[in-house]
Amino acid sequence: MELRDAWACFFLFYSFWFVTFCEQAGFLSLSCGGRKSFIDSNNISWVPDTNYITTGKTTNITYTDGSVSTNVSARFFSNSRRRKCYRIPMNNATNLVLVRANFVYKNYDGLAVPPTFSVSLGTSIAATVNLSEHDPWTEEFLWMVNKDTLPLCLIAVSDGGSPVISSLEIRPLPRAAYMNAMADFPNKLLRKSYRIDCGYTGDSIRYPLDPFDRIWDSDTRFTPFHATTGFSIQLGFNPSNVMEQPPVTVLQTGRVLARRNTLTYNLPLDEELGDYYIILYFAGILPLFPSFDVFINGDLVKPNYTIMRSEISALYFTRKGITRLSITLKNNTFYPLINAFEVYKMLHIPSEASSTTVSAMQVIQQSTGLDLGWQDDPCSPSPWENVNCQGNLVTSLDLSNINLRSIGPTFGDLLDLKTLDLHNSSLSGEIQNLGSLQRLQILNLSFNQLTSFGAELENLINLRVLDLQNNSLKGTVPESLGELEDLHLLNLENNRLEGPLPQTLNKPTLEIRASGNLCLTFSTTTCDDASSNSTNETPQVTTVPENQHNVHKHHLAIILGAVVGGVTLAFLLLSISLFLYKTKMQHEVASHTSRSDRDMRNWGAARVFSYKEIKLATRNFKEIIGRGSFGPVYLGKLPDGKLVAVKVRSDKSQLGADSFVNEVNILSSIRHQNLVSLEGFCNESKHQILVYEYLPGGSLVDHLYGTKSKKTSLSWVRRLKIAVDAAKGLDYLHNGSEPRIIHRDIKCSNILLDMDMNAKVCDLGLSKQVIHADATHVTTLVKGTAGYLDPEYYSTQQLTERSDVYSFGVVLLELICGREPLSHSGTPDSFNLVLWAKPYLQAGAYEIVDEDIRGTFDPLSMKKASLIAVKSVERDASQRPCIGQVLAELKEAYTIQLRFLEESCQNNN
Ligand SMILES: *[C@@H]1O[C@H](CO)[C@@H](O)[C@H](O)[C@H]1NC(C)=O
Ligand SMILES: *[C@@H]1O[C@H](CO)[C@@H](O)[C@H](O)[C@H]1NC(C)=O
Ligand SMILES: *[C@@H]1O[C@H](CO)[C@@H](O)[C@H](O)[C@H]1NC(C)=O
Ligand SMILES: *[C@@H]1O[C@H](CO)[C@@H](O)[C@H](O)[C@H]1NC(C)=O
Ligand SMILES: *[C@@H]1O[C@H](CO)[C@@H](O)[C@H](O)[C@H]1NC(C)=O
Ligand SMILES: *[C@@H]1O[C@H](CO)[C@@H](O)[C@H](O)[C@H]1NC(C)=O
Ligand SMILES: *[C@@H]1O[C@H](CO)[C@@H](O)[C@H](O)[C@H]1NC(C)=O
Ligand SMILES: *[C@@H]1O[C@H](CO)[C@@H](O)[C@H](O)[C@H]1NC(C)=O
C-alpha cells in the first residue's frame, strides 16, 4: 500500500520535472574564444562569447586527461592592470543566479608557465585562480543580481602572467533558494566549496537531471571513506518543499550509518579564515524515522534530529572564521542518514563609489577622447587605471601626459581626492574648478600653459604640495596661499611671475622654489638692484612642445637681453617692461572692482538686503531646501510673510563670485512667468546671497526620481505642461530678452514647480549673455552638468542657443522615459539616455516610455513630443530645432493629449 503510493508519487513528480525544465530557461553558456554555436553531450547550447566582451585573443586548447581527449576554445588577455570584463545583461534584475567559469591553461602557449589571476563578480574579488595548482580550474558562485548587468572580470596579478578563460555559464536559480544565507548576511556573494551527493559514486550529476544545472559530485574522495556503502532507493518526494530544490536523483542516494556510532565528513577549506554557509539535505528514504544528533566542528547544532518518512528537509548553518569543517551525525535512536550537502564561502561585496563620483569620472573620460577602460565601479574590485582608492573613495587621480586642455567643472565633484596629478596635460588659462576639493593634499599642475592662479587655491585647506613649475603664470603670487597652513612645498619654477613674494609665505615650514621667474623673492628691493640675477636666469624652455611658442613670445625681451649680453641693455629693457606691466595690471584690477561695484549699486530692480535681515528671515539658516550651482539654498520668510528661497554662496563652491554677479545682473533685468524671479540680494564683504521667490512644488527631479514621500506620479499631460512652461522660459531667454541669454545649465533640477504645478526655470548662475546681436556663438570654457552637455559644445567650446536646446532635449527624454540621463548600471548601450532612447523613439517603439504613463497617452501626442526630443539631441547642432520650434511642437502634443483625455472621459460617461 505504502509502496504503491510512493511509486505513484514518483511518476507524477517525474513528469512534472520533464515538462517544466527541459527548456534550459534562462541558461547562457559562453564558449570563450569559440567561433561557432554548438550543443554538447548534455544537450546544452553553447554560443561564442563575442557579444559579451571586447578584449582578449582567442586560441584552441587540446588536452588529455587519462584517456579522454578534450578540445576547448579559450580567450586570453594581456597582463596589464586593466580589468578584462564580460558584461552579461540580466533580463530580471532581482534574481539569484549561478555563475560558473572554467579556466584551462594546459600549456597552450608553449611557455609552460601556468598563470595566476583574480576573478571578480560585481565589486568583489571572488577568487584567485592559480593554474599551477590544478588545471583545468572551475569556479562557481551564487549571486543575488541587483543590477541589469553582471560584470565578471579577470584581473592580472603582478608576475601572474596572462589571464585565460575557457567557458562561462549563467543559470537562474529557483526563486527564494539560498535565501537564508542572503537574508542573514546581506551583501554577500557565495563561492562554492562543496556540493556533494552523498552515497553516490558515479560521475558528476548535472543538467538535465538537475534542472538548474548545478553540478553534484560523488562523496568517494573524502577520507576516511565511510565504512558503509551508499544507500540508494527509488522513492518519490517533492523536493520543492525545500527552497533549494535539490534534484530527486541526488536525494535518492544517501549515506546511512549501520554499524558505527558516528558518520563524519572532514572537509578541507581555504587556508585563510573564512565565513561559511552550510546546507544539509535529508530525505526519508528509509521505512523508519532516523533520529540523530548533528555536530558541526564538534558543536552540537541539532540534537535528536528526526527525518520523516517520504519527506525531504534541510538544515542551514553558518560558521564564521573557520579553516576546516567537519560534519558529524551521531546515532541517537535510529540510523543517521544524509543525502546531500552544500558548502559555500561567504564573500563580502564592497560598496560602490558614489554615483556623483562615477558620473564625474565618466565625463572626464569622455573629455579626454580616450578609452581609459573606465567602466563599472572605479574602486572595486580593483581600481581603474589612473585611479587609486581608499575603500570606495577615489583618492588619487593621475591624468598626466593626457591632452586634457582644461580642468572641467566635474573635477570639482571628486570630493575625496587627496592627490591630483595633471602635469603635462595641455592645461591653459586659469586654475579653476578645484575649489571644492578640500581633502586635496598633493596637486601637480606642472608643465602646462596655465596663466593665472585663479581664486580657488586658497580653499584647498589640506594642501601640502603644490607644483606649478613650468607654466606661464603671470603677475604676482597671491597672498592667500599663505593661509594654507599645511603647505610645505610650493614649486613656482619657470613661470613668468614677478616679486615680491607675499610675506604670508615666509615661514620655516614652507619650501618655495622660485627660480626661473622674472624676479621672485621676499625682498622688495633686491629685484631692482640684483637685476643681474634675473638676467642670468634665462627662462628654461620647457619640455612641453606647445609651451615653447609661448615662452619665446613673452620672454622675447629677456632672451634678447641675454643674447646681446649687455647687462645695461638688459637692465634697461627689463625695468621698462616690468614697469609697464605692473601699471597695466594695477589699472586693470582697479577698473574691474570699481565697475562691478558700480553695477551692483545700479541694479534697482532687485531689493538689497542686509546680512542681518537675511539671518532673521531664515531663522539663522535653519532649513536647507536644496543645493544650487554655487551653494546651499535655505527657506526664508520676509517680514511681510512672503516665503523666499535664500541661496548662499559658500566659499567652497567651485563657481566664483563671477557667477553671483552674473546672476544678479541677469535676473535683475528680466521678469517672466516661467523664470524664477529674484526678490533681492545681499552683497556684504564675505556674504553673497541671492533671494528668490519660493516655489513650494519642488524641482522636477523630486517628482521624477524623488524618494517615495516626495515623488508624485506625473501624468503625461502634466509632463507636457511642464515641458511647455519650461520651453516658454527658455524661449524668453533666447529670443525675448535683450541681450539674448544662453542658460548653459538646463536640467531637471533647475526646473521648479509652484503650487499649481506651473514650471519655472531657475539657476542662471552659469548663463552667458550674447552681447552682440549678430554673434553666432560665444567661446567659453565648458561648464554644465554631466549628461546634459551638448557634445558639440564640449568639443568646440563654442556656445550657442542650440546647446540649451540639447540639454532641454535631454529633459524631454527624461520626462518620456522616466530615467536619469546617465546610469551606472546596465549594459554599455543603455548607459547614456540619449544614445539608448533615440533609436526606440525614432522607430515609435514606446516600450521604453516610463511605466507610470504607459497606456495613458495618445500615441500621436507621444510621437510629436518624442520626435522633437530626438531632434533636439542631434549631435550636429545645426540639425537641432530652435527653442521656438520645440515649443510649438510641445504645445501641439499637449493639445492632442488634452483632447484625448476629454474624449476618453466622454466615452466613459
Ligand atoms: C535537447 O533540448 C531541446 C530543447 O533545448 C529539446 O527539445 C530536446 O528534446 C532535448 N533533447 C534531449 C535528447 O534531451
Ligand atoms: C580553433 O579551431 C577552429 C576549428 O575547430 C578554427 O576555425 C579556429 O581558427 C581555431 N582558432 C584558433 C585561434 O586557432
Ligand atoms: C580535437 O582536435 C583534434 C585536432 O583538431 C582532433 O584530431 C580530435 O579529434 C579532436 N578531439 C575531440 C574530442 O574533438
Ligand atoms: C522577474 O522577476 C519578477 C519578480 O522578481 C517576476 O514576477 C517576473 O516574472 C520575472 N520575469 C522573468 C522574465 O523572469
Ligand atoms: C601558484 O601555486 C604554485 C604552486 O602551489 C605556487 O608555487 C605559486 O607561488 C602560486 N602562484 C602565485 C602567484 O601565488
Ligand atoms: C544507536 O543508539 C541506540 C540508542 O542509543 C542504540 O540502542 C543502538 O544500538 C545504536 N545503534 C547503532 C548502530 O549503534
Ligand atoms: C528523539 O525524537 C524522537 C521523535 O521525536 C522521540 O521518539 C525520541 O524519544 C527522542 N529521543 C531523545 C533521546 O530525545
Ligand atoms: C643672486 O642669486 C644667488 C643664488 O641664486 C644669491 O646667492 C645671490 O645673493 C643673489 N644676488 C643678489 C644680488 O641677490
Side-chain angles (χ1 to χ4, degrees), residues 28-65 67-86 101-121 124-141 152-169 189 191-194 221 223 267-274 323-324 345 347-348 380-383 385:
L28 178 65
S29 310
L30 299 183
S31 144
C32 304
R35 303 276 159 115
K36 286 200 282 273
S37 301
F38 62 93
I39 295 180
D40 71 9
S41 56
N42 291 317
N43 199 22
I44 289 173
S45 312
W46 292 82
V47 294
D49 62 348
T50 40
N51 288 337
Y52 304 92
I53 191 157
T54 51
T55 57
K57 298 195 177 112
T58 63
T59 184
N60 294 323
I61 304 177
T62 302
Y63 64 95
T64 44
D65 266 349
S67 59
V68 185
S69 159
T70 311
N71 289 340
V72 293
S73 62
R75 184 176 289 273
F76 63 98
F77 306 90
S78 77
N79 56 3
S80 77
R81 185 179 157 188
R82 190 175 288 195
R83 303 172 197 163
K84 289 86 183 163
C85 297
Y86 283 88
N102 250 294
F103 308 94
V104 181
Y105 173 66
K106 296 292 181 188
N107 201 16
Y108 73 87
D109 55 4
L111 300 174
V113 185
T116 298
F117 50 89
S118 299
V119 180
S120 72
L121 219 53
S124 23
I125 296 273
T128 300
V129 174
N130 181 346
L131 288 166
S132 22
E133 284 175 13
H134 43 98
D135 180 10
W137 180 300
T138 303
E139 281 290 340
E140 199 176 291
F141 309 100
L152 177 135
C153 311
L154 308 190
I155 302 165
V157 301
S158 65
D159 300 329
S162 303
V164 58
I165 182 167
S166 174
S167 73
L168 180 58
E169 297 159 88
L189 173 71
R191 176 187 178 208
K192 187 188 98 173
S193 305
Y194 296 98
R221 65 191 165 110
T223 54
L267 308 164
L269 301 175
D270 288 356
E271 274 165 26
E272 77 265 30
L273 291 179
T323 56
R324 60 168 193 96
K345 188 168 188 178
L347 302 171
H348 174 66
S380 302
S382 64
E385 282 181 301

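Read the numbers this way: they start at 1 and go in the same order the structure lists the ligands and their atoms.
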Can a protein heavy atom be found under 4.0 Å away from atom 7 (O) of ligand 5?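 Under 4.0 Å from atom 7 (O) of ligand 5, zero protein heavy atoms found.
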
Considering all protein heavy atoms, does one lie under 4.0 Å from atom 11 (N) of ligand 2?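 Given the 4.0 Å cut-off, atom 11 (N) of ligand 2 counts as touching protein heavy atoms.
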
Number the atoms of ligand 2 from 1 as they appear, then name those within less than 4.0 Å of a heavy atom of Thr58, with their elements.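 Every atom of ligand 2 under 4.0 Å from some heavy atom of Thr58: 13 (C).
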
Which atoms of ligand 2 have any heavy atom of Thr59 under 4.0 Å away? 13 (C)

Test of understanding: with disulfide (SG to SG under 2.5 Å), list the residues that count as partners of Cys153, not counting sequence neighbours.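 Scan of Cys153 (disulfide (SG to SG under 2.5 Å), adjacent residues dropped) gives Cys85.
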
Residue and atom name of the nearest protein heavy atom (relative to [atom]), distance in Å to one decimal:
{"atom": "atom 1 (C) of ligand 5", "value": "Asn130 ND2, 1.4 Å"}
{"atom": "atom 9 (O) of ligand 2", "value": "Arg35 NH1, 3.5 Å"}
{"atom": "atom 5 (O) of ligand 5", "value": "Glu133 CG, 3.6 Å"}

Phe103 ring center within less than 6.0 Å of Phe117 ring center: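 Yes, they do, as the ring centres are separated by less than 6.0 Å.
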
Please check: side-chain N/O of Tyr105 versus main-chain N/O of Val113, any donor-acceptor pairing under 3.5 Å?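 Pair found, side chain donor or acceptor close to backbone of Val113.
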
To the nearest 0.5 Å, how far apart are CZ in Phe76 and CD1 in Ile61? 9.0 Å

Does Ser132 reach ligand 5, in the sense of a heavy atom lying below 4.0 Å from it? yes

Which of the listed options, Asp159, Thr116, Val157, holds the heavy atom that is closest to atom 13 (C) of ligand 5?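 It is Thr116 whose heavy atom sits nearest to atom 13 (C) of ligand 5.
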
Ignoring hydrogens and angles, state whether a donor on the side chain of Asn79 or Ser162 is under 3.5 Å from an acceptor on the partner side chain. no

Considering only NZ, NE, NH1 and NH2 on the basic side and carboxylate oxygens on the acidic side, decide whether Glu385 and Arg82 come within less than 4.0 Å.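 So Glu385 pairs with Arg82 through a salt bridge.
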
Below 4.0 angstrom, N of the basic side chain to O of the carboxylate: do Arg191 and Asp270 qualify? yes

Geometry only, no angles: is Asn60 polar-contacting ligand 2 at N/O separations under 3.5 Å? yes

